[in-house]
Amino acid sequence: MDLLAGLNTQQQQAVIAGLGPVLVMAGPGSGKTRVLTQRIAYLIGKMGVRPYNILAVTFTNKAAREMENRVINLLGESARGVTLGTFHATCARILRREAEHLPFNSNFVIFDEDDQMGLVKRVISDLNLDDKQYRPLAILNSISNAKNELILPDEYPLQTYRDEVVKRVYIGYQQMLLTNNAVDFDDLLLYTAFLLDDNPAVRERYARRYEHVLVDEFQDTNLAQYVLLRRLSSHHNNIFAVGDADQSIYRWRGADYRNVLRFEQDYPDAQVILLEQNYRSTQQILDVAMAVIDPNPNRSPKRLFTERSEGLKVMLHETYDDRQEASFIVDTIASLVGRQQIKPGDVAVMYRTNAQSRLLEEAFLHARLPYKLVGAQRFYGRREVKDIIAYMRLVHNPNDEPSLLRVINVPPRGVGDKTLQVLRTQAQKISLTPGELLFQMGRDGEQFKATFPHRAMIILVGFGELLSRWITQVGELDPLKIMDRIIDETDYHAYIDDGTDEGNDRWENVMELRRLASEYQDRTLSEFLENIALVSDQDTIETSANVPTLLTLHAAKGLEYPVVFISGLNEGTLPHSRSFDDPEAMQEERRLLYVGVTRAKDRLYLVYAQNRSAFGYPDPVEPSRFLSDIPDTLLDDTSSLRTMRLSNMTSFDSKKIQWESKRPGGASVILQRYHAGAHVQHPVWGDGMVLSSRIQDDDEIVDIFFENLGMKRVAASLANLKMKG
DNA sequence: GCATCGGATTTTTTT
DNA sequence: AATCCGATGC
């Protein structure tokens, strides 16, 4: 098989690059995923490297799965066995295997952000600090940043009094994690990095094993990740990094695109390969992309080119407010679909903040068009899902206090603050964690009779018995059976499903989780929980349903769509106001727009509004500064007509103006022209049938069912409907 | 121990 | 606008 078929010269160069460090600077759409997979296939198929000796790190689990499938497609089953996963998943695996060298045991759980917040709040209150003055989230961010920079609690640098506070919280927080036999996301990287630093024998074992280390999205690595890569590749020195500094959008999470520069300094002999040919977008779209990114300073210039045709002009559109922005987007999608120019699944609508999805969702709902939303209301964030997972985590590791606190009174058992406090102090007295004490109480309640008030005793022993039964059997049961026992013995169904629609939805979510657990028949509870902790929103993006996708610009990284709408191109939104006074952050906003623009293959719409609502109140806003960096000649501005009409009436009551402009001085009676069952023709949406019609505000509002679009509501004065038959 | 109410606070982006 | 928190009352 020819593993180089269909690759251009630069891509081939990258795939067959010799030993030693290689840096591939890959522009958007330049086929970097392809280069990575073909390189893995080449190493195995042509160079005789065993899959076992290859490590490939990606940004999302989805990317890892995709890459594995592609390699197996190329080479067959013999290609299985490459270590392929996200940084976090790879580190978690190493830490479990090497737990003997670490301050926790291999049953550790991974705390999510809620768990982390709970811990930080506890530490802050234990230290008698004011959580108004020291906001837990801000402190947690500082701790996280420190960890990403490989700074341990004792070494936390002190420049202000606040640093002093952060350091104390950091110390307490880290201790508390250990008592819980838990780590947070950042710890996965931190502990692995230090493990490899402090234990030369361990480092050597991994470094010898990984003859080839490959990294995707290199521009979004943080210091901890960079150091990890160096350690893991330290024996063979074959490190292959692919990235694009212009697409670095995770600075706030510690990512540092300067790692690309650092790489060139640390490996002066590195081969550097540039991928500039774009296989995704039309030239028009690429021109806009380059105009957007060009003003950023200190870039190594890249010139993107394509052999694709010029394509359509990029559309620019201004609306009166964010509500109209949403309906413009939905209407445009409907009309493109109606004219059969695109399929609904071709479309992605992107925005800066999750909050912006609400108006879009409403607009889709109003138009009765289906869509799918990435992120925001995440499946794993649902209360009922978190409850069940917390139960399972508790069974897996009784020291997991956040999980205990979450479920000890769910369904309600009459455990409140008072009982919890007693439980905690009693546990402390005999040096147990609350979970361990409960476990003991469940096995032999008698011996604790004197320590608890009668009522609390009964409740706690009852809960302890449940817990200890599950824990003693966990060895024999797979994740699904454990889940079923929990659901059954806590009567969770009756608790969560109150018979309402929402209750039913909640129960459905539990069943969905159950379906996921059923895929772990021959795997352990530990694996199940780990995978759940490390899934990301992007992993849940599925391309099967033929409906538009709504997602943040961050979530859009690495994806492509034939039709892209970027909404909210206003000052304060994109760029976000939080980056106004930080030039580095402002540059990242620009890169974010660049990422969005370069997701588009054929059609791109840039949309902004004159007014946006924040905290419930509308305010006038400026168009995004980035728009003025795009030459007019590259844009097709479709907003002028609508803008003039609407801007003329901003200071008046809009209903009145509409009325005056439409029917100056006329009588206020109009007749209903359309009736249910009538067949009509819409200039854009085609043929449809009238479902109902009514007179409202001197206009006729008609609900029409269109074959391709479903129900639409139109105003007769604007829609230009024709009667048929 | 639990439910309800009012007020404050919030919006960046997420492995 | 929506959620979270704390205080109050049962």
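None of the values given here were measured: they were computed from a predicted structure. Chain naming here is simple, since letters A, B, ... match the order of the sequence lines and numbering starts at 1 in each.
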For residues A/Tyr191 and A/Phe108, establish whether the separation of their ring centroids is below 6.0 Å.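 No, they do not, as the ring centres are separated by 6.0 Å or more.
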Taking the minimum atom-to-atom distance to the side chain of [X], which one of [options] wins?
| X | options | value |
| --- | --- | --- |
| A/Arg455 | C/dA1, B/dT14, B/dG1 | B/dG1 |
| A/His88 | B/dT15, C/dA1, C/dC5 | B/dT15 |
| A/Lys121 | B/dT11, B/dT13, C/dC5 | C/dC5 |
| A/Asn409 | B/dT10, B/dC2, B/dG1 | B/dC2 |
| A/Thr353 | B/dT11, C/dA1, B/dT13 | B/dT13 |

Starting from the 5' end of DNA chain B, give me the residue, A/Lys418 or A/Ala585, whose nearest nucleotide shows up first.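 Nearer the 5' end of the strand: A/Lys418.
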Taking the nucleotide of DNA chain B with the nearest heavy atom to each, does A/Phe615 or A/Gly416 sit closer to the 5' end?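 Between the two, 5'-proximity favours A/Gly416.
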Ring-on-base stacking B/dT13 with A/Trp252 (under 5.5 Å, under 30°):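 Aromatic stack with B/dT13 present for A/Trp252.
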From [atom1] of [X] over to [atom2] of [N], roughly how many Å is that when rounded to an integer?
| X | N | atom1 | atom2 | result |
| --- | --- | --- | --- | --- |
| A/Ile408 | B/dC2 | CD1 | P | 12 Å |
| A/Leu553 | B/dT14 | CG | P | 10 Å |
| A/Phe111 | B/dT15 | CZ | P | 19 Å |

If we take the C1' atom in both B/dT11 and C/dG6, what is their distance in whole Å?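 One C1' to the other, the span is 23 Å.
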A/Arg262 and A/Asn259: which non-hydrogen atoms are nearest, and at how many Å?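 Distance-wise, the nearest heavy atoms are NH1-OD1, 2.7 Å.
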